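Structure first, then comments.
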Amino acid sequence: MERGLKNLVYAAFALLMPGLVLSCGDEYCAESGSGIPLVGIYAMENPPVEATLDSLTVYGKDQKADSMLYDTVSNVQSFYTPLDINKDEVKYVLRYDRKGVADEYKRDTLTYIYRKELKFDTPECGAFYEFTIEKFDYTTNSIVYAELVTPEVNNIASLTVKLYYAPEN
């Protein structure tokens, strides 16, 4: 009888083990996005097309810590602009580093006003913040138009903002 019970436990363990192994792991976590707004660059053509900026510096405005995100990066097609979980508004300055164009660099500012909510994903992936951008604003020194594509920012990777620039001649 004891041997039969032992075999039953082993059989149950053998049946449950593949399910436990398949449900554990971070495959979903690895496929999930960053939870940070992704900004795409487009040329204002008809229809608009993906574009690149020659050289771009992006840094936070009015932030206490070092907020340099990108320092004179070439061939930029997209970039991330993190949201601060301790605030409900962040600003990022885009500096266009084209030498010889003007005495001073041109700059634009992106402003996000948002609310946040802490969400629980899975035991393997843990918790994350989900943000909802309630207001998006921008300056137009070089940007022709900007569009908030997806106001929800979570662990699903998606384009949040599109920036449109005049095509170069």
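Small disclaimer: the values here were computed from a predicted structure and weren't measured.
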Taking atom [atom1] of [X] and atom [atom2] of [Y], what is their separation to the nearest 0.5 Å?
{"X": "K135", "Y": "L148", "atom1": "NZ", "atom2": "CG", "value": "12.5 Å"}
{"X": "M44", "Y": "K162", "atom1": "CE", "atom2": "NZ", "value": "11.5 Å"}
{"X": "I36", "Y": "T81", "atom1": "CD1", "atom2": "OG1", "value": "8.5 Å"}
{"X": "Y70", "Y": "R95", "atom1": "OH", "atom2": "CZ", "value": "15.5 Å"}

Are [Y] and [X] linked, directly or through intermediate hydrophobic residues, by side-chain heavy-atom contacts shorter than 4.5 Å (ILVMFWY only)?
{"X": "I133", "Y": "V149", "value": "no"}
{"X": "Y164", "Y": "V49", "value": "no"}
{"X": "Y92", "Y": "Y145", "value": "yes"}
{"X": "F128", "Y": "Y114", "value": "no"}
{"X": "L69", "Y": "I85", "value": "yes"}

Over 60° means perpendicular and under 30° means parallel, so classify the ring planes of Y165 and Y96, tilted if in between.
perpendicular

Got a donor-acceptor contact below 3.5 angstrom from the [X] side chain to the [Y] backbone?
{"X": "Y112", "Y": "P82", "value": "no"}
{"X": "T57", "Y": "T72", "value": "yes"}
{"X": "N154", "Y": "E130", "value": "no"}
{"X": "T139", "Y": "T109", "value": "yes"}

For the residue pair [X] and [Y], what are the closest heavy atoms and their distance?
{"X": "V153", "Y": "T160", "value": "CG2-CG2, 4.0 Å"}
{"X": "Y59", "Y": "R107", "value": "OH-NE, 3.3 Å"}
{"X": "D62", "Y": "K87", "value": "O-NZ, 3.5 Å"}
{"X": "L118", "Y": "A127", "value": "CD1-CB, 4.0 Å"}

Determine whether more than 12 heavy atoms belonging to other residues, nucleotides or ligands lie under 6.0 Å from atom CD of E50.
no

[X] versus [Y]: any side-chain heavy-atom pair under 4.5 Å?
{"X": "I143", "Y": "L94", "value": "yes"}
{"X": "R115", "Y": "F131", "value": "no"}
{"X": "L110", "Y": "L163", "value": "yes"}
{"X": "P37", "Y": "L83", "value": "yes"}
{"X": "Q77", "Y": "T52", "value": "yes"}

For Y129, does the six-membered ring have the charged nitrogen or CZ of K116 within the cation-pi criterion, i.e. under 6.0 angstrom from the centroid and within 45° of the normal?
no

Charged N to carboxylate O below 4.0 Å: is that the case for D108 and K106?
no

L38: which residues meet the side chain to side chain contact (heavy atoms under 4.5 Å, CB included) condition with it, sequence neighbours left out?
S78, Y80, L159

